Amino acid sequence: MNRRMQRWIVLGLVAVLLLGAGGAAGLWTYKQNRPDRKWVRLPINPKLPPDQKEEAASQLKEKLLDDKIMTKVADDIHLAEGMKLGSTQEAVALLKQRLFVEVGSVTLPSGETPCLNIGVSGKRKEMDSLGKAPTRILDDVFKILGIKKPADASAPKSF
C-alpha cells in the first residue's frame, strides 16, 4: 500500500469513530429525555365501586395539591436544588404540575387488589431529584387519611 491509501484508511477510521461516538451520545441523550413515572401504591378496599375509587383519587389529589403540603415536600427532598430551580415556589409549581393520583391495581399474595397510585411524572434524567417525592408524599397521605404509618419492613430488627 502506498501512503495515499494509508491516509484514506486512517481518515475512514476517524470518520467511523466520530459517527459511532456521536450515535452513542445521541442514544444516551434520547434515553435520558424519555418520559418516566415513579409512584407508590396504596391498596384500597376491593369492594368499592369504580366511581368511588375515582372520586377517592381525585379528592386525595385535591388535598395533596395544598400549598403547605407541597412546600414541605419540596423542601424535604431539596427539589429546588436538585432540579436547579431558582426558588422553592418554582419547585412547588413543578411538583403540582407533575403529581398524579390514579386508580390502579397491585398483585399481592392474596390476589389482585385495587390501589391508588400516587406519584410524579417527568423525564428520566429528572428522576434523581423528582423520584424521591412519591415516598415523601406517602407520609402526608397517611396523615390525610388518618392511617398510622406502617413500620418499615426493610429496617433491621434489633435482637
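It should be emphasised that the depicted structure is a prediction, and the values quoted were computed from it without experimental measurement. Sequential numbering from 1 along the given sequence is applied to the chain's residues.
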Nearest-0.5 Å distance that lies between atom CG in L95 and atom CE in M83: 9.5 Å
Min side-chain heavy-atom separation N33-R124 under 4.5 Å: no
K125 and K31, any side-chain heavy atoms less than 4.5 Å apart: no
Salt-bridge present (D128, K132; N to O < 4.0 Å): no
Side chain proximity check, M70 to D67, heavy atoms < 4.5 angstrom: no
Over 12 foreign heavy atoms within 6.0 Å of CD, E62: no
Verify same cluster id: L65, L116 (apolar side-chain graph, 4.5 Å): yes
Hphob cluster co-occupancy, L27 + V16, side-chain heavy atoms under 4.5 angstrom: no
From OG (S58) to NZ (K53), nearest 0.5 Å: 14.5 Å
Basic-acidic side-chain contact under 4.0 Å: R37, E102: yes
Heavy-atom closest pair, residues K61 and L99: NZ-O, 3.3 Å
Heavy-atom closest contact (I118 atom, P134 atom, distance): O-CB, 3.7 Å
Non-hydrogen atoms of V120 and L130 that approach each other most closely: CG2-O, 3.5 Å
Check against side chain to side chain contact (heavy atoms under 4.5 Å, CB included), L145 and L42: CA-CA 11 Å; L145 298 177; L42 182 66; 3.7 Å; yes
Contact summary for A91 and A80, nearest pair of heavy atoms: CB-N, 3.9 Å
E126 (side chain) donor-acceptor with K123 (main chain) under 3.5 angstrom: yes
Minimum heavy-atom distance P43-T113, with the two atoms named: CB-CG2, 4.3 Å
Interatomic distance, N45 atom CG to C115 atom SG [nearest 0.5 angstrom]: 13.0 Å
Hphob cluster co-occupancy, F100 + V73, side-chain heavy atoms under 4.5 angstrom: no
Heavy-atom neighbours of K96 NZ exceed 12 at 6.0 Å: yes
Minimum side-chain heavy-atom gap L138-V141 below 4.5 Å: yes
V40 side chain near I137 side chain, heavy-atom distance below 4.5 Å: no
Euclidean distance, T88 OG1 relative to H78 NE2, rounded to 0.5 Å: 10.5 Å
Worked check of side chain to side chain contact (heavy atoms under 4.5 Å, CB included) between K72 and D75: CA-CA 5 Å; K72 184 78 171 122; D75 285 341; 5.8 Å; no
Ionic contact status for K143 with D139, cut-off 4.0 Å: no
Same cluster (ILVMFWY, side-chain, under 4.5 Å), I144 and I147: yes
Spacing of S121 atom OG and D36 atom CG [to the nearest 0.5 Å]: 9.5 Å
Side chain to side chain contact (heavy atoms under 4.5 Å, CB included) assessment of V103 paired with N117: CA-CA 6 Å; V103 177; N117 295 331; over 6 Å; no
Main-chain N/O of P114 paired to S105 side chain as donor or acceptor, under 3.5 Å: no
Co-membership, hydrophobic cluster, residues I44 and L60, 4.5 Å side-chain: yes
